[in-house]
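Each chain gets a letter, A, B and so on, in the order the sequences are listed, and its residues count up from 1.
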Protein chains: 2
Amino acid sequence: MRITIREVAAKAGVSVTTASRALNGSGRMLPETRERVRAIASELGYRPNSIARGLVQQRSFTFGMLTNDTYGRFTLPVAAGLSEALLDRGVSVFLAAGKDDPDLVRLNLNAMEEKRVDGLVIAGKRIDRGLPVELPDNGIPTVHIMAACPEGGIGFAPDDLSGAKLATRHLIGQGRRRIAHITGRETFLAARIRAEGWQHALHEQGLAPFGPAVFGSWSEAHGFETARTMFGKNASSRPDAVFCGNDQIARGLIDGLGALGIRVPDDVAVVGFDNWEIFAQATRPPLTTVDMGLTEMGRQAGLTLLDLIDGKPVEAGLRHLPTSLVVRLSCGAEGAAQ
Amino acid sequence: MRITIREVAAKAGVSVTTASRALNGSGRMLPETRERVRAIASELGYRPNSIARGLVQQRSFTFGMLTNDTYGRFTLPVAAGLSEALLDRGVSVFLAAGKDDPDLVRLNLNAMEEKRVDGLVIAGKRIDRGLPVELPDNGIPTVHIMAACPEGGIGFAPDDLSGAKLATRHLIGQGRRRIAHITGRETFLAARIRAEGWQHALHEQGLAPFGPAVFGSWSEAHGFETARTMFGKNASSRPDAVFCGNDQIARGLIDGLGALGIRVPDDVAVVGFDNWEIFAQATRPPLTTVDMGLTEMGRQAGLTLLDLIDGKPVEAGLRHLPTSLVVRLSCGAEGAAQ
DNA sequence: CCATAATGGTTTAACGTTTGCGCAAAGGCA
DNA sequence: TGCCTTTGCGCAAACGTTAAACCATTATGG
């Protein structure tokens with residue numbers, strides 16, 4: 001049996017209450033008493049029982065994170081930021097990676113309700129789709145990350161618009177003028193917004209988009225194929241840079257260009273989106289790309305949830321977190337980071 | 001305030017005790033009474049408070065998973081299997097993705113102790129390294145997944161040996177005879193074992209390994225470079241197949257071969273290891289690779305932990321779980337799955 | 001010197017469950 | 001009838017902690 005506060009109190013010769021207060025830094029008592037209790041607690045290896053505390057305080061010091069991202073590409077950075085922000089507040093995070101099966105989601109949601117999580121993070125893969133389940137209003141403070149955020153809810157998403165502008169402007173800054181855009185399915189809001197950012201940044205400088213945005217799947221295959229269709233023609237009618245909607249498309253494009261004997265970044269500069277590090281770094285050449293700040297997003301979501309629980313005023317709505325450009329070699333910049 | 005069992009009992013006109021027993025299917029009572037209580041509970045939307053139950057039963061119905069895999073490539077499939085196996089037993093899983101910082105690990109470990117997790121899963125990236133922290137003997141049942149397993153502990157790992165044999169035999173079955181092996185750092189036990197499996201499978205058929213195993217980093221770059229060194233010579237002294245130690249090396253190799261004008265699978269068949277799906281599928285051609293059964297590993301770890309907690313006899317030691325070959329196109333097989 | 005406040009605690013109740021034990025009523029058996 | 005068993009349920013304690021209320025003692029202010 002683990003050691004309880006009762007035994008600490010007994011050994012210290014004080015009441016359980018006093019021991020509790022000594023350890024929590026609350027109440028009034030002789031500094032000497034507090035120290036004695038603490039010394040004995042650590043000597044005995046006492047660990048407060050978070051469950052018992054939870055029962056009386058009506059809090060579990062526990063958050064739940066529900067996601068449908070099976071590969072963990074988005075989930076894990078978010079979860080890492082979340083955990084990290086909560087660690088020193090004593091809050092742990094349940095992770096339920098539940099695919100898109102409504103029944104599974106519901107079961108997980110149930111489990112979290114029974115566990116009395118203090119807060120809920122709904123994390124998705126796209127900003128215009130929510131869970132495959134109507135979230136019952138269970139009174140649990142909730143934030144949404146990269147997932148559709150219901151009316152009056154609180155959401156976090158990357159600022160796709162300025163991310164796209166960042167990438168495009170950088171290409172312009174590198175002297176590129178004929179900048180194309182290859183991206184994912186037009187049904188994705190993110191794809192439409194990024195395309196819009198690309199156009200904005202170009203118009204800003206009096207440049208015209210190089211053709212319409214090429215929508216397609218979010219896959220390498222799409223990038224690879226588009227290399228052929230876009231660069232197959234005579235060299236004079238080719239773009240000198242491409243901003244891609246994600247890193248996979250960018251990589252497919254680069255590989256496709258390689259197959260056509262077109263050099264990156266010499267002939268064509270390429271910028272991706274997502275900064276999926278393990279992937280972007282391995283691209284040849286390493287991929288310049290827009291970082292969505294997922295870890296920071298997780299951190300902020302955690303802090304916001306804490307505020308919400310503490311009853312602090314929290315503004316509803318969607319927060320677009322700043323993105324940043326990670327410059328590697330595919331854009332032709334000098335002195336790029338590896 | 002959430003609705004408690006007290007209110008259910010009151011509305012059903014029974015004592016709290018009877019209500020509890022009705023809902024848990026324990027005790028003796030009129031079937032009619034049991035049904036009435038249950039109906040009222042669901043009508044009221046009653047959710048048992050897992051915290052209160054945990055306090056009296058001295059269990060939290062909670063596992064902790066500690067990992068140092070930042071990308072989630074291994075962690076998320078394992079976590080998915082774990083959660084899934086535990087869901088219908090009412091157990092949820094805390095995830096702490098803690099890099100390799102000893103202090104962070106210790107903090108997370110502390111948090112889990114205070115949360116009174118019933119079981120602990122230590123998940124790593126390699127089978128010959130454990131946590132950067134000496135695990136205190138806190139009496140919490142623990143299993144290790146893809147991480148060094150202390151004396152007398154319980155561990156799960158892919159069967160690297162037979163996985164490597166599987167891959168190599170498949171290449172032999174495709175008519176390949178000059179089979180090379182490119183893999184990761186020799187300091188990794190997994191690299192040495194896979195190399196051994198490769199040799200075994202060849203000797204089995206009276207074939208000699210094509211040169212020594214080429215150890216290096218676990219990266220695409222290593223595969224890409226080795227394409228040059230291994231295939232740069234005259235065509236007669238080239239392998240006709242390569243078994244790679246992971247999917248990244250395989251992909252690097254394939255890309256490198258492409259750059260040399262060597263066709264996969266026509267000239268050289270390639271098999272990887274890991275079945276990192278999103279990656280293997282996007283390789284051109286799609287990568288035949290060894291699946292480590294990570295999800296199944298998570299599931300088994302969960303079930304084992306449950307047995308351990310229930311006091312059932314569980315044999316100590318490392319369990320090597322079967323791997324399977326996922327045949328795509330890079331090995332030249334007919335009728336391969338996409 | 002009295003009223004009041006501060007100090008350093010303790011006592012007691014509470015959080016929402018489960019569970020060992022008790023107990024009345026009904027049934028079975030000789 | 002008398003005794004034992006079964007049925008159906010309630011009482012009360014327990015899990016480990018926090019927190020509101022209380023209390024005796026000592027210090028403070030006018």
message: Looking at every non-hydrogen atom in both residues, tell me the closest pair between B:A97 and A:L76 and how far apart they are.
response: CB-CD2, 4.3 Å

Acceptor/donor pairs from residues 310-319 of chain A side chains to any protein atom, 3.5 angstrom cut, sequence neighbours excluded:
from   : atom 1 : to     : atom 2 : distance (Å)
A:D310 : OD2    : A:R89  : NH2    : 3.4
A:R319 : NH1    : A:E315 : O      : 3.1
A:R319 : NH1    : A:G317 : O      : 3.3
A:R319 : NH2    : A:E315 : O      : 2.8

query: Which pairs pass salt bridge (charged side-chain N to carboxylate O under 4.0 Å, His left out) with one or both residues in residues 3-15 of chain A, sequence neighbours excluded?
result: A:K11-A:E43

message: Using five pairs at each end of the helix from C:dC1-D:dG30 to C:dA30-D:dT1 to define an axis, what is the angle between those two axes, to 10°?
response: 40°

Using the side-chain hydrogen bond (donor to acceptor under 3.5 Å, both in side chains) criterion, which residues pair with [X]? Sequence neighbours excluded.
X: B:D100; answer: B:N68
X: A:R116; answer: none
X: A:N138; answer: none

Student check: side-chain heavy atoms of A:L305 and A:V91 closer than 4.5 Å: no

field: Sub-4.5 Å side-chain heavy-atom contact between A:V16 and A:T4
entry: no

Determine yes or no for a side-chain-to-main-chain donor-acceptor pair under 3.5 angstrom, with [X] supplying the side chain and [Y] the backbone.
X: A:T67; Y: A:A123; value: yes
X: B:K115; Y: B:F63; value: no
X: A:D69; Y: A:F74; value: yes
X: A:R59; Y: A:D118; value: no

- request: Check the angle between the aromatic planes of B:F94 and A:F94 and answer parallel, tilted or perpendicular using the 30° and 60° thresholds.
  value: parallel

statement: Residues at least two apart in sequence or cross-chain that pass salt bridge (charged side-chain N to carboxylate O under 4.0 Å, His left out) with B:E113, listed by chain then number, are A:R2, A:R47

field: Nucleic acid contacts of residues 30-40 of chain B, taken as heavy-atom distances under 4.0 Å to DNA chain C
entry: none

Could you write out each protein N or O paired with an N or O of nucleotides 22-24 of chain D at a distance under 3.5 Å?
none

Protein and nucleotides 12-16 of chain D: nitrogen or oxygen contacts under 3.5 angstrom:
from   : atom 1 : to    : atom 2 : distance (Å)
D:dA12 : N6     : B:T17 : OG1    : 3.0
D:dC15 : O2     : B:V56 : N      : 3.2
D:dG16 : OP1    : B:Q58 : NE2    : 3.4
D:dG16 : N2     : A:A52 : O      : 3.3

Which donor-acceptor pairs under 3.5 Å do side chains of residues 139-152 of chain B form with protein atoms, sequence neighbours excluded?
from   : atom 1 : to     : atom 2 : distance (Å)
B:T142 : OG1    : B:I140 : O      : 2.8
B:H144 : ND1    : B:A148 : O      : 3.4

statement: Its 5'-most and 3'-most nucleotides having an atom under 4.0 Å from a non-hydrogen atom of chain A, DNA chain C is contacted over C:dT7 to C:dG16

